[in-house]
Amino acid sequence: MTTNHVLVSRDGAVLTIIMNRPDKKNALTGAMYGAMADALASAASDTSVRVVLITGTGDAFTAGNDLGDFVDAPPTGGDSPVIRFLVALSSASKPVVAAVNGLAVGVGTTMLLHCDLVYAGHSATFSVPFVNLALVPEAASSLLLPRRIGHARAAELFLLGGRLDARQAEAMGLVAAVFDDDRLVDEALRRARALATKAPTAVRATKALMKRGDESVADRMQAESELFRLQLKSSELKEAIQAFREKRAPNFDKAT
Ligand code: COA
């Protein structure tokens, strides 16, 4: 059953998406991409969702696109489920946390370039062997991976189809931290919950600033100051300062 291949659940303000096809290493079918795109769309439109967490069941995050689908049901256009998923993920204004619980092949790795906080279990591995299948990189990874880990290392991964282990991925800045496999999801969820308590407009504006393309220092400072000025006038700031004065944790639920 396709519907069980993607599990969506809520934990307070955190919406969790679980790739759940462990017998196939969570390889992603069109139906799974569609379900994940729908989950991201519902997270975007539901104001009570502050953070999205993505992880997988079993010993794989995902082995990438289902290879059978490449032959039987290749994506055809801009409204195909895989494109809907990638567009929803890459344009998500709310923060996305990934907990990479095992092997991450192809889109399993490239989707991480669009996530904001990426954590991995010790057994996680990362590879982008598109060329081995006579394919080319997707999800803007030919731009984003060299930018993230450097051209030389990205070229080795893309062209030779090698894999990184979790520690290498951490050292290269692909993941923020590595945890024991059995603690990974709890650690990621703890951080997702913490992120969900922060001023949501400020979080989204910070994410948007970090995702802007190359520009001059002057242009970036200008963009930052505009957002900074907006936040200075926000109810979020009032709540943060009031909470500081009252020596309590801020509550941004009513401050947006
Ligand atoms: N699409 C469809 N099925 C896949 C799959 C994929 N991308 N990746 C794994 N599977 C299936 C296998 O066919 C196997 O199914 P079976 O039990 O019915 O034979 C099952 O998942 C388990 O995979 P297996 O190969 O036995 O596990 P492994 O631990 O030895 O190897 C991988 C795991 C991921 C290294 C290996 O399966 C692989 O290379 N898969 C292809 C990955 C890929 O090229 N993805 C696309 C990148 S663009």
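Order of appearance sets the numbers: ligands from 1, and atoms from 1 within every ligand.
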Protein contact for [atom] (heavy atom, distance under 4.0 Å):
| atom | value |
| --- | --- |
| atom 15 (O) of ligand 1 | yes |
| atom 18 (O) of ligand 1 | yes |
| atom 38 (C) of ligand 1 | no |
| atom 1 (N) of ligand 1 | yes |
| atom 29 (O) of ligand 1 | yes |
| atom 11 (C) of ligand 1 | yes |
| atom 21 (O) of ligand 1 | yes |
| atom 43 (C) of ligand 1 | yes |

Tell me whether [X] is salt-bridged to [Y], with the criterion being a basic N under 4.0 Å from an acidic carboxylate O.
| X | Y | result |
| --- | --- | --- |
| K198 | E236 | no |
| R212 | D219 | no |
| R190 | E187 | yes |

- Note on the structure: atom 8 (N) of ligand 1 has as its nearest protein heavy atom A63 CB, 3.4 Å

- Item | Minimum-distance protein heavy atom relative to atom 41 (C) of ligand 1 |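 Residue, atom and distance for the closest contact: L67 CD1, 3.8 Å.
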
- Closest non-hydrogen atom pair between S141 and F158, with its separation: O-CZ, 3.5 Å

- Heavy-atom closest contact (K94 atom, V49 atom, distance):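 Here K94 and V49 meet closest at NZ-O, 2.8 Å.
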
- Message: I'd like to check T110 versus F130 (side-chain heavy atoms, cut-off strictly below 4.5 Å). Are they in contact?
- Response: yes

- Below 4.5 Å, heavy atoms only, C-beta onward: do L237 and S235 meet side chain to side chain?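 No, their side chains stay 4.5 Å or more apart.
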
- Query: Between R10 and S48, does any side-chain donor sit less than 3.5 Å from a side-chain acceptor?
  - Reply: yes

- Between N26 and T62, do the side chains contain an N or O donor and an N or O acceptor separated by less than 3.5 Å? no

- Task: State the NZ-CG distance between K24 and L67, to the nearest 0.5 angstrom.
- Result: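 Going from NZ on K24 over to CG on L67, the span is 10.5 Å.
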
- Task: Please say which of K207, R204, R191 ends up in a salt bridge (charged side-chain N to carboxylate O under 4.0 Å, His left out) with D116.
- Result: K207

Atom indices of ligand 1, in the order listed, that fall short of 4.0 Å to a heavy atom of [X]:
| X | answer |
| --- | --- |
| A27 | 1 (N), 2 (C), 5 (C), 6 (C), 7 (N) |
| F130 | 48 (S) |
| D23 | 20 (C), 21 (O), 22 (C) |

- Message: Given K24, K25, E138, identify the one with the heavy atom nearest to atom 24 (P) of ligand 1.
- Response: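 The residue whose heavy atom sits nearest atom 24 (P) of ligand 1 is K25.
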
- Option whose closest heavy atom lies nearest to atom 7 (N) of ligand 1, chosen from N65, T109, D66, V136: N65

For [X] and ligand 1, does the shortest N/O to N/O distance drop below 3.5 Å?
| X | value |
| --- | --- |
| R163 | no |
| G64 | no |
| V105 | no |

- Message: Test side chain to side chain contact (heavy atoms under 4.5 Å, CB included) on M32 and D69; report intermediate values, then the result.
- Response: CA-CA 11 Å; M32 291 168 74; D69 267 15; over 6 Å; no

- Message: Once you restrict to heavy atoms under 4.0 Å, what part of L103 touches ligand 1? Side chain, backbone, both or neither.
- Response: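 For L103, only side-chain atoms sit under 4.0 Å from ligand 1.
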
